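In what follows, a single structure is set out as structure tokens and then discussed.
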Amino acid sequence: MQKPWRGLIIGSLLLAGCGQAGRLTSATVVRVQARDVQNVTIQQAQAAIASDPSLLVLDVREASEYEGGHIANALLRPVGSVATWSQTLAKDAHILCVCRSGHRSSIAAGQLVANGFTHVASMTGGMMAWTAAGFPVVAGQR
């Protein structure tokens with residue numbers, strides 16, 4: 001008896017591979033996140049920010065969220081534009097991705113690692129945990 005799902009799976013795999021060379025997919029990001037993205041606590045993030053002046057803190061939220069309060073000297077780089085703004089960064093830069101809860105920063109960090117960045121971390125708990133702990137924030141424009 002022939003298994004009808006076999007053709008569907010093979011066809012799907014073939015279609016998924018067509019024209020995708022070098023293209024980042026959500027499946028790639030999930031695999032990269034699980035394997036290569038370092039997650040740091042808010043305490044580890046605060047210590048790294050205090051001790052490493054070259055650390056690049058990327059706030060991957062939207063402008064309105066950033067303006068409501070962000071980590072001092074953090075650069076606003078929305079997660080939806082990772083492919084564009086990451087081209088301006090050195091692949092060996094030390095980068096900490098931050099968002100509201102840790103979800104978008106994990107996605108952004110995964111995309112950066114998938115694109116060859118070697119020193120990337122995502123802050124777990126995001127700005128919600130940061131502010132709940134009483135760590136300092138700066139409000140206003142970028």
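Only a predicted model underlies this, so the values are computations on that prediction, with no experimental measurement involved.
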| Which of these passes side-chain contact (heavy atoms from CB on, under 4.5 Å) with Val60: Ile107, Val98, Leu76, Val79? | Val79

| remark: For Gly68 and Ala139, the nearest pair of non-hydrogen atoms, with its separation, is O-CB, 4.2 Å

| Which residues satisfy the side-chain contact (heavy atoms from CB on, under 4.5 Å) test with Ala121, sequence neighbours excluded? | Gln38, Val40, Leu96

| said: Could you go through Gln87 and Asn115, starting from their C-alpha distance and side-chain angles, then the distance that decides it, and tell me whether this counts as side-chain contact (heavy atoms from CB on, under 4.5 Å)? | reply: CA-CA 9 Å; Gln87 294 174 12; Asn115 285 315; over 6 Å; no

| field | Same apolar cluster (I L V M F W Y, side chains within < 4.5 Å links), Val120/Val57 | value | no

| field | Shortest non-hydrogen contact from Ser106 toward Ser122 | value | N-OG, 3.2 Å

| field | CZ on Arg77 to OG1 on Thr84, rounded to 0.5 Å | value | 11.0 Å

| Is the number of heavy atoms from other residues, nucleotides or ligands under 6.0 Å of Asp52 CG greater than 12? | yes

| task | Nearest 0.5 Å please: distance from the NE2 atom of His103 over to the OG1 atom of Thr124. | result | 14.5 Å

| field | Sequence-distant partners of Arg61, side-chain hydrogen bond (donor to acceptor under 3.5 Å, both in side chains), two or more places apart | value | Asp59

| task | Quick one: list whatever passes side-chain contact (heavy atoms from CB on, under 4.5 Å) with Leu89, sequence neighbours left out. | result | Leu56, Leu58, Trp85, Ile95, Phe117

| query | Would you find a donor on one side and an acceptor on the other, under 3.5 Å apart, between the side chain of Tyr66 and the backbone of Pro78? | reply | no

| note | The complete set of salt bridge (charged side-chain N to carboxylate O under 4.0 Å, His left out) pairs with one or both residues in residues 109-126, sequence neighbours excluded, reads none

| remark: On a heavy-atom basis, the closest approach of Leu112 and Cys97 is CD1-SG, 3.8 Å

| Val82 backbone acceptor or donor facing Ser86 side chain under 3.5 Å | yes

| said: Determine whether a donor-acceptor pair (N or O, by modelled atom type, separation under 3.5 Å) exists between the side chain of His70 and the backbone of Val138. | reply: yes

| remark: Taken to the nearest 0.5 Å, the spacing of Asn39 CG from Met123 CE works out to 11.5 Å

| task | Output every pair passing salt bridge (charged side-chain N to carboxylate O under 4.0 Å, His left out) with a member in residues 111-139, not counting sequence neighbours, ordered by first then second residue. | result | none

| field | Partners passing side-chain contact (heavy atoms from CB on, under 4.5 Å) against Gln46 (at least two apart in sequence or in another chain) | value | Trp130, Phe135, Pro136

| request: Give a yes or no on whether Ile49 and Val137 share a hydrophobic cluster (residues Ile, Leu, Val, Met, Phe, Trp, Tyr; joining criterion: side-chain heavy atoms under 4.5 Å apart). | output: yes

| query | What are the two closest non-hydrogen atoms of Ala129 and Ile42, and how far apart are they? | reply | O-CD1, 3.4 Å

